[in-house]
Engineer: 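My structure is below; once you've seen it, I'll send some questions.
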There are 4 protein chains.
Amino acid sequence: MERTLSGRERDDKVQRIKDAALTVFSQDGYGQATIQDVATEACVGKGTIYLYFSSKEELLDTILLDVLEGYRTQIEQIVAEDGDVRQRLRHLLTYVLGGADRRRRQLSFLLRGTSDIGGDFKRQALRIKKDIMEALTGLVRAGIERGEIRAADPLMMAHIISGTVESLAAARLWEYDELVAEADGDNWPEELAGLAVNCLYQGMKP
Amino acid sequence: MERTLSGRERDDKVQRIKDAALTVFSQDGYGQATIQDVATEACVGKGTIYLYFSSKEELLDTILLDVLEGYRTQIEQIVAEDGDVRQRLRHLLTYVLGGADRRRRQLSFLLRGTSDIGGDFKRQALRIKKDIMEALTGLVRAGIERGEIRAADPLMMAHIISGTVESLAAARLWEYDELVAEADGDNWPEELAGLAVNCLYQGMKP
Amino acid sequence: MERTLSGRERDDKVQRIKDAALTVFSQDGYGQATIQDVATEACVGKGTIYLYFSSKEELLDTILLDVLEGYRTQIEQIVAEDGDVRQRLRHLLTYVLGGADRRRRQLSFLLRGTSDIGGDFKRQALRIKKDIMEALTGLVRAGIERGEIRAADPLMMAHIISGTVESLAAARLWEYDELVAEADGDNWPEELAGLAVNCLYQGMKP
Amino acid sequence: MERTLSGRERDDKVQRIKDAALTVFSQDGYGQATIQDVATEACVGKGTIYLYFSSKEELLDTILLDVLEGYRTQIEQIVAEDGDVRQRLRHLLTYVLGGADRRRRQLSFLLRGTSDIGGDFKRQALRIKKDIMEALTGLVRAGIERGEIRAADPLMMAHIISGTVESLAAARLWEYDELVAEADGDNWPEELAGLAVNCLYQGMKP
DNA sequence: AATGAATGAGTATTCATTCAT
DNA sequence: AATGAATGAATACTCATTCAT
């Protein structure tokens, strides 16, 4: 009867637990959610979770890093695309604003989730944030080199881009303004992304 | 014969408790912080806190709203100033980026920890966020009317402003990039604000 | 301005506090009732109660003893009356069953209140209970001497009397049977008392 | 793979907790007893109690109802016996007065502590008390039909019986009179029961 | 004498974690 | 490997009691 889980089976179970944790934590908040909740959502026993994660906090850290890394990967990929920078920027915004429930849960995590994390993990999270900023800075630099973007402080521009993305994402998540709340066309994320990029490009000067 | 706290005395004590809670919550996170920690920091007994707040969560909600309202008030004030809009924008950024420890604690609070908040409070918090967005939108509209800003979607521009501010503030708080981390002149917030406003105005188009 | 309460004033206040405690304790139970509840009901400050009672428990003990002593006094008085024993028994029952709200609160105390009392007080309470049983025993003995009651164990008869009284009183208090619940004539306590005494006298033998 | 408590195991544990609670509550009173006391007495962890009872109060209610129901069951059984009513009455008294420590604890419980019970539970408790009174009333009616007992108000007679039993039981519990306190023969409960029944039958009339 | 603000000891309750099966 | 019953550390919250005014 003794049997060892194949790597594939193991990975499936771990993923199921992480998905459940993402759902439950983003719904109730890390503090309110219980391990039992996660276990129930994942259709496993409480004890099983401890076979794969040493503590509730490690579970939190893991999925936070997962989400962050997912973003980094995706953003780095978009940044590395061929073609003009403006198009890549539109991709970026479309990616963050689009996506269905699962992405929204992830976003909810990113935008508020750092309240219960320990110092050891914080460093990794900041490392990833830095990576993302660097990717954006690189994108700006590429635009300047290609003559698509005017020569200005690339890091500041990266902040402007990143901040705009996050602000729109938050608005979408909490639904606090019309720009995002009332968007309902089939491809509203793309349209919104286009609008945002236009604004970013032209600046505020008349 | 009687001994009832005057309004002033009462307010002082309440403020002491809120300050202590802000300090402790922003340091350890709401979940980790204990009421005893707050009481010790405020130099009062545990029970005293419950004379003024019905629960730990009410204390959290109260200071979160306080901080948010403080920001709203200040921002609305800056937005209502006379003079050109560009100058007001610089003020705004300087205000958020500047400030000493207390302001940093508040920021840390805003940018972290909405993981443990309940539905009733959430509505108020979003109401305030909306107010802030509306104030910014108004500022953009004023700029357009005055011919200082080109005619574009004011709400999108407000997002760009708000996002930029938050991104820079977060960078300052978590110290994850050089732009902010290495700023050390006497008036770096102002200089950074100026730089940001320039970028915002001119846009990315070459 | 310094002034000492006259004995009369002092007694009034003590009585007000005891009345309030009787009301509150019998309503909510000693465990649930708070000193603040008692103070509010008595229209005094919390601190004032501690001028006259050293602790919540002493307050409980005091009113329990008060109630018990009131019963003892009343019963000893009835037992000492002139005239035939049967008449005195009717008085006794009428006294316990009759009386308005205040008496009911007292009863509620007597019939359930011994759950939270300490050992030191218990002795006094039992002393009084014993006194009451002795008074009843004496009444039976008097009846036997007068030829009104057949010669049998007087203590057992005292138990029968006392038990009957308590059982009817409890039924009235908790309203769990028709005999008492539906009594509503103007002088139902007397009628019920008469019925009980008849039954007690004639016994069950056919 | 699985490990779920069988019904039997579960019942055993629940019973152990209820026994412990009965012991502790009757010793120290509900208010003074702590859940830790009960857990220690039951040789389980504090948390285990909450696996089977949702609160301290539910535990109290449960054992109170258990004890009451035990009495009801036993009394209804005795009442339903064959043979003459007088004999059944003796059984009844012997049952209540006799019994070893466990029964005394139960009695102590019934006669003390209804000071902390809530409204929902109260109804059930009164329902049971009513059932007991009805059983006694039925016994009296049976006696009347059989010609063993004179025709009189059966409910009043039930009160007389019930009151006598309780009065004697209380005397035994608190040991406040000689009738019960000095009883020490091997079968004193039966003798006392016989004496009581004699008195009840013959009445007080000479 | 009277008061009620302040206090902290005391406790019910929760829940992450363990471990026998 | 998987489970969930058992556990007790940890903590929010209550309230009797004190004491400055």
Side-chain angles (χ1 to χ4, degrees), chain A residues 1-5 9-10 13 31-40 43-59, chain B residues 1-6 9-10 13 31-40 43-57 59, chain C residues 1-5 9-10 13 31-40 43-59, chain D residues 1-6 9-10 13 31-39 43-59:
Chain A
M1 267 303 184
E2 301 280 334
R3 200 172 58 86
T4 305
L5 242 47
E9 282 172 314
R10 183 191 160 90
K13 187 154 300 192
Q32 294 307 311
T34 69
I35 285 287
Q36 179 63 68
D37 293 338
V38 176
T40 303
C43 298
V44 298
K46 269 201 307 280
T48 308
I49 293 178
Y50 285 88
L51 291 178
Y52 303 103
F53 301 91
S54 68
S55 70
K56 191 188 178 189
E57 186 159 346
E58 205 211 42
L59 180 55
Chain B
M1 284 272 193
E2 311 201 356
R3 169 77 192 135
T4 309
L5 239 47
S6 74
E9 282 171 313
R10 184 192 160 90
K13 185 149 301 189
Q32 294 308 311
T34 68
I35 284 288
Q36 179 62 68
D37 293 340
V38 177
T40 303
C43 298
V44 298
K46 266 199 316 281
T48 307
I49 293 178
Y50 287 91
L51 289 180
Y52 302 102
F53 301 92
S54 66
S55 69
K56 191 188 177 189
E57 185 159 347
L59 180 55
Chain C
M1 265 305 184
E2 302 281 333
R3 200 172 58 86
T4 306
L5 242 48
E9 281 171 314
R10 183 190 161 90
K13 186 153 301 192
Q32 295 307 311
T34 69
I35 285 287
Q36 180 62 68
D37 293 337
V38 176
T40 304
C43 299
V44 297
K46 271 202 306 283
T48 308
I49 293 179
Y50 285 88
L51 291 177
Y52 302 103
F53 301 91
S54 68
S55 71
K56 191 189 179 190
E57 184 159 346
E58 205 210 45
L59 180 55
Chain D
M1 287 270 193
E2 309 202 359
R3 168 81 192 132
T4 308
L5 239 48
S6 75
E9 282 171 313
R10 186 194 158 89
K13 185 149 301 189
Q32 293 307 311
T34 69
I35 285 287
Q36 180 62 70
D37 293 338
V38 176
C43 298
V44 297
K46 266 199 313 279
T48 307
I49 293 178
Y50 286 90
L51 289 180
Y52 301 103
F53 301 91
S54 66
S55 69
K56 190 187 178 190
E57 185 158 346
E58 205 209 46
L59 180 55

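Just so we're on the same page: letters track the sequence lines, and every chain starts at 1.
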Engineer: How long is the line joining CZ of B/Arg10 and P of E/dA5, in whole Å?
Structural biologist: 9 Å

Engineer: For B/Leu51 and F/dT14, what is the distance between atoms CG and P respectively, to the nearest whole Å?
Structural biologist: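 In whole Å, F/dT14 P lies 11 Å from B/Leu51 CG.
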
Engineer: When you match D/Gln36 and B/Lys13 each to their closest nucleotide on DNA chain E, which lands nearer the 5' end?
Structural biologist: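 The answer here is B/Lys13.
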
Engineer: Between D/Phe53 and D/Glu58, what is the shortest heavy-atom contact and its length?
Structural biologist: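 So the minimum-distance heavy-atom pair works out to CA-OE1, 3.3 Å.
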
Engineer: Nearest heavy atom decides the nucleotide; on that basis, is D/Ile49 or B/Ile35 closer to the 5' end of DNA chain F?
Structural biologist: D/Ile49

Engineer: Starting from P on E/dT3, measure out to CD on B/Glu9 and report it in whole angstrom.
Structural biologist: 19 Å

Engineer: Which heavy atom of B/Val38 sits nearest to which heavy atom of B/Ile49, and what is that distance?
Structural biologist: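 Between these two residues, the closest heavy atoms are CG1-CD1, 3.9 Å.
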
Engineer: Between C1' on E/dA16 and CG on A/Asp37, what's the gap in Å once rounded to a whole number?
Structural biologist: 13 Å

Engineer: Under a 3.5 Å cut-off for both contacts, is E/dT7 paired Watson-Crick or G-U wobble with anything, and if yes, with which nucleotide?
Structural biologist: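 Across any shown strand, E/dT7 pairs with F/dA16.
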
Engineer: Rounded to whole angstrom units, what separation is found between the CD atom of D/Gln32 and the P atom of E/dT11?
Structural biologist: 8 Å

Engineer: Rounding to a whole Å, what distance do you find between A/Leu59:CG and E/dA16:C1'?
Structural biologist: 12 Å

Engineer: It should be established whether A/Thr48 places a side-chain nitrogen or oxygen under 4.0 Å from OP1 or OP2 of nucleotide F/dT3.
Structural biologist: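 The answer is yes; a side-chain N or O of A/Thr48 sits under 4.0 Å from OP1 or OP2.
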
Engineer: Answer yes or no: does a side-chain N or O of A/Thr34 lie under 4.0 Å from OP1 or OP2 of E/dC15?
Structural biologist: no

Engineer: How close do C/Lys56 and C/Gly31 get, heavy atom to heavy atom, and via which atoms?
Structural biologist: NZ-O, 4.1 Å

Engineer: Suppose we define a pair by two distances each less than 3.5 Å, Watson-Crick or G-U wobble; what does E/dA1 pair with here?
Structural biologist: none

Engineer: When you check the side-chain N and O atoms of B/Asp37 and B/Thr34, is any donor under 3.5 Å from an acceptor?
Structural biologist: yes

Engineer: Given atom NZ of B/Lys56 and atom C1' of F/dC13, what is their separation to the nearest angstrom?
Structural biologist: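 Interatomic distance, NZ of B/Lys56 to C1' of F/dC13: 12 Å.
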
Engineer: Has A/Tyr50 got a side-chain N or O lying under 4.0 Å from the OP1 or OP2 atom of F/dA2?
Structural biologist: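 Looking at the OP1 and OP2 atoms of F/dA2, neither is under 4.0 Å from any side-chain N or O of A/Tyr50.
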
Engineer: Who is the Watson-Crick or G-U wobble partner of E/dT14, with both distances under 3.5 Å?
Structural biologist: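 Pairing partner: F/dA9.
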
Engineer: Does OP1 or OP2 of E/dG8 have a side-chain N or O of B/Lys46 closer than 4.0 Å?
Structural biologist: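 For E/dG8, neither OP1 nor OP2 has a side-chain N or O of B/Lys46 closer than 4.0 Å.
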
Engineer: Starting the side chain at C-beta, find the nucleotide from E/dA6, F/dA1, E/dA2 nearest to A/Tyr52.
Structural biologist: F/dA1

Engineer: Judged by each residue's nearest nucleotide on DNA chain E, which is more toward the 5′ side, A/Ala33 or A/Gly47?
Structural biologist: A/Ala33

